[in-house]
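Proteins get letters first, then strands, A, B, ... in listed order; numbering begins at 1 in each.
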Amino acid sequence: MVATAFDEMSAFGTEVRPGYEIVANWLRDTPAEILTQRQHEAELLFRRIGITFNVYGDAEGEERLIPFDIVPRVIARPEWEKLAEGLRQRVTALNMFLKDVYSKGEVVKAGIIPEDLVYKNPCYRPEMQGISLPHDIWVSIAGIDLVRVDPDTFYVLEDNARTPSGVSYMLENREVMLRLFPELCSHHRIAPVENYADELLATLKSMAPRTASADPNVCLLTPGPFNSAYYEHSFLADKLGTELVEGSDLYVRENVVYMRTTEGPKRVDVIYRRIDDDFIDPLTFRPDSILGVPGLISAYRAGNVTLANAVGTGVADDKAVYSYMPEIIRFYTGKDAILNNVPTWRCREPDALKHVLDNLPDLVVKEVDGSGGYGMLVGPKADKAKIEAFRAKLKAHPEKFIAQPTLALSTCPTFVDEGIAPRHVDLRPYVLNGADGVRIVPGGLTRVALQEGSLVVNSSQGGGTKDTWVVDVASPKVAQQHQQQQSAPLV
Amino acid sequence: MLSRTADSLFWLSRYVERAENTARIIDTASRLATLPSGYGASTNEWESALAATGCLSAFKDVYGEDPTAESAVDFLAFSPANPSSIKNCLEVARFNARAVRTALTAEMWETINSAWLELKNYGPGELDLSQLADFLRFVKRTSLAFDGSAYRTMLRNDNYWFSRLGVFIERADATARLIDVKYHVLLPPESHVGGGIDYFQWSSILRAVSAQTSYHWVYRQSLKPWLVADLMILNTQMPRSLAACYASLTRNLDQIAQGYGRQGASQRAARSTFTRLESTDIDTIIAGGLHEFLAEFVADNSRLGALITEQYLV
C-alpha cells in the first residue's frame, strides 16, 4: 500500500510536483546533521513556549509535545483555491442542515436522510428545537478533515462541527518554521496564516445578539487547565485579546450572562465555548457537571448570548450523517458536492453490513460518534482477535458503525530517525462561518502518522504535525516570458 | 479583569516569593549549622528555620522528631507533605501561571515554565552541600528573573498591580516571621537573653535578606541587634523591610482604587498599618514587646490578604 501511495512531493515517481521545487532541493542539499539539529531546536522551542497537550489516562506524560516535523507540506495555490471552494460549499450546507433540522426538518420530510438518524441521534438536542439563533449561524468554526489519494482527488474524511481543535498548532508551526528556516521560507510566496485570530474575532463579533452593544464582549470558555486542549484555549484567548473564562467565572442573572471581574459584573455577549454540550449547563444537561454555567442555556434561548458553535451541532458531524453529506449538499445548494466523501458503508443497512462483515480485514470501521481515532478498526493492520472482537460489536450494534475502504492516503517527505522518508498525512483546514460570510485561512493543519505505514494521524495516538504552505507557483508560461524579456536586445 | 485571573496572579507572585524566602532561610540555617557548637545559639538551627517558614508543627506531624539537617532540608525544599516546600511553591506557581497565561508576558511565562522543567533535575535525598547550594541559587535566580521580567515587561495595569500585591504581602509576612524567630537575639544588651555569640545570629539575619552591606551603609557602625531590627522593620530604604513592603502595598492598592474609581476596606487597612510603621520607632517597639509587635503585624498582614481577596479576587 505504501509503495503505491501518492506522494505530495514526488507524485508516484521521481518527478517534483509544482510548488515543491525548492523544498526538494533543500532536502537534497541539507546534511542530515543540520536537519537533526534544527529538529532538536524546534522541540526546544515548543517545550519552552509550553505548547503541550494532555493525554487522558496517562499519568506519566501529563503534558506532552505533539511531535513537529520540519519538512513543510506544500499545496500549490490553484489546488488550494479549488479546495477552498469545496469547503465553503460544505460548511454552508452543514449550517443550513442544522438550521433545518432544528426548525422544520425539510431534509427529513423530503426523505434525504432517515428520521431516526437525526432525531434519535445522541448528539441531537431537543432543547434546541424551534429556537431561532441570531443570524441563523449554527456552525461558526468547522474543521474539515481531508485526505488525498491522487493528484486530483481529495476526500472529506470527517466534518468537525462541534469544537474542532488544533488551530494553535497551525499558527505555531508557522512561527517555528519562520524562526528556524528563514532562508527556505523567503524563497517562497507562502500565504500567511497569522491573521486567523483576527478573522475568528470578526466572525465571533458578527454573531453577537442584537441586544449587544456596538462592541460586543467576546470570551472564550474553557473547561480549565486539566483539559487536553487547554494550551490552545489560552493561546487563542491571548491572540483574540479576549478573556479566557472557566465556568465559575460566569453566572446568569435574569437570563443575562455576566463574568466576575475585579470591578464587578460585566455582561458577556458572545461565548466561544470549548466545552461540550453535555457539560455546558448543569441545569439543562449533565447535572453533575461543574465545568459549565448554570442557567446558560436559558439565557441562550432568550437570545441574550451567542454560543459558538451552537448547541446541538454534533448531529452534523456524526459519522453516519456524514455518509449522507453529498445528498445534503445537493438538497440545500442545488449543486453537486465539490468535495467528495470517502465511499462509506452504513452498517445500519443490512446489505452494507453484510458487505462489511465479509470484508473486515480490508476495511476501516469507525464508531459513528467516536473521535480522536479511538474505537476504530484498521482492518489491514489488525490481528485476527481484534477483527473478531469488532465483528461481535458490529453484529450487536450495527447502527453504531460505519465502514470505509482502506485508503492509500497520500504521503509527504518527513524527517524521521532513518532520514527523510514518506509518511501518510491528512489535512484539516479551519472554516469560519459568520453572519458576514465564510472566511478560510489558506492551509490548515497537516497531521502526519510518524510510524512507517501507519494511517492514524491523531495526536493522541502518536501522530505529529507539519507546517502547511499554500504557495504561489509561477506558471511555466510566466517564467518563460520573464526569460525572454531578459534576453531581449536593448532597443 | 476576571477576578480569577487577579487571584491567580496574586498567588503566582506569592508562591514565587515564598520559594525565594524559603531558599534564603535554608541557606542561612545551613551556614549557621556549620558553626562550632560554642558559637551557635542554644536552639537547633533547623528548628528555627522551620519555625521561620511557619511549618514547624507540620514538620513534627510528619517526622515526629527533632529536625536534622537532612530531614529539615528535605521538608523545606522538596516534601510534597509541606504545602510551602520550595518544590510545591514552584509547582503551584506554575499551575497558576498556566491558568492565567494570557495575563503574563512571554518572559514571565518562560521563566516560570523553564524553572518548573528544571525543577525535575533536583530531587530529595541525593543532594550534597554543593548541590544544595546550586539548588538554592537556582531558586533565587528564578525568583529574581521572574520578578525582573514582571517589572520590565508587564503593562502597568491591574494585572501588574495585583501581582505586586502578592509579592509584598508574602514578603512582609516572611520578614516578620524571620525576625520573630530570632527576636530573642535582637533584644538590647541589658536583657538577659543573648550574648557575644549572637553576633553570628544577627549577621545571619542580614545575610538571609541580602542586607549586610546595606546595614553598614545605613548605620555606619558594628552590628547592634536593635539596629538590625530597626533596619528590617522600619527602614523604608531596605526593600525587604516591613515598612518598605507596606509603602509598596499602599501604593499598588491606591493605583487599583484609582483605576477602578473606588476605594475600599483593603486600601484603608494597608494605609493604617503603614501609618503605624511610619509613626513609631524601634525603642517604642522593643519597650512594648518585639514579639507582641510582630505577632500583631503578622495577623494584620494576613487580614489585609483576606480583605484584598474579598474586595477583588472572588
In chain order, what residues pass the ring pair (Phe, Tyr, Trp, His ring centres under 6.0 Å) check against B:F95, with sequence neighbours excluded?
->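 A:F226.
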
Toward chain B: residues of residues 238-251 of chain A with heavy atoms under 4.5 Å |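 So far as heavy atoms go, A:D238, A:E243, A:L244, A:V245, A:E246, A:D249 are the residues that approach chain B to under 4.5 Å.
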
Under 4.5 Å, heavy atom to heavy atom, which residues of residues 261-282 of chain A contact chain B?
->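 Only A:T261, A:T262, A:E263 of residues 261-282 of chain A have a heavy atom under 4.5 Å from chain B.
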
Output yes when a side-chain donor or acceptor of A:Y230 lies under 3.5 Å from a complementary backbone atom of B:A99, and no otherwise.
->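 At least one qualifying donor-acceptor pair exists.
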
Are there over 12 heavy-atom neighbours, none belonging to [X], within less than 6.0 Å of that residue's [atom1]?
X	atom1	value
A:I290	CD1	no
B:E118	CD	yes
B:E310	CD	no
A:D417	CG	no

With chain A as the partner chain, list the residues of residues 152-171 of chain B whose heavy atoms fall under 4.5 Å from it, by residue number, and write 'none' if nothing qualifies.
->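 From residues 152-171 of chain B, the residues near chain A are B:D158, B:F162.
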
Step by step, would you call A:R260 with B:L2 a side-chain contact (heavy atoms from CB on, under 4.5 Å)?
-> CA-CA 6 Å; A:R260 295 174 220 273; B:L2 285 178; 5.7 Å; no

Taking side chain as C-beta onward, heavy atoms only, is A:F235 less than 4.5 Å from B:R101?
->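 No, their side chains stay 4.5 Å or more apart.
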
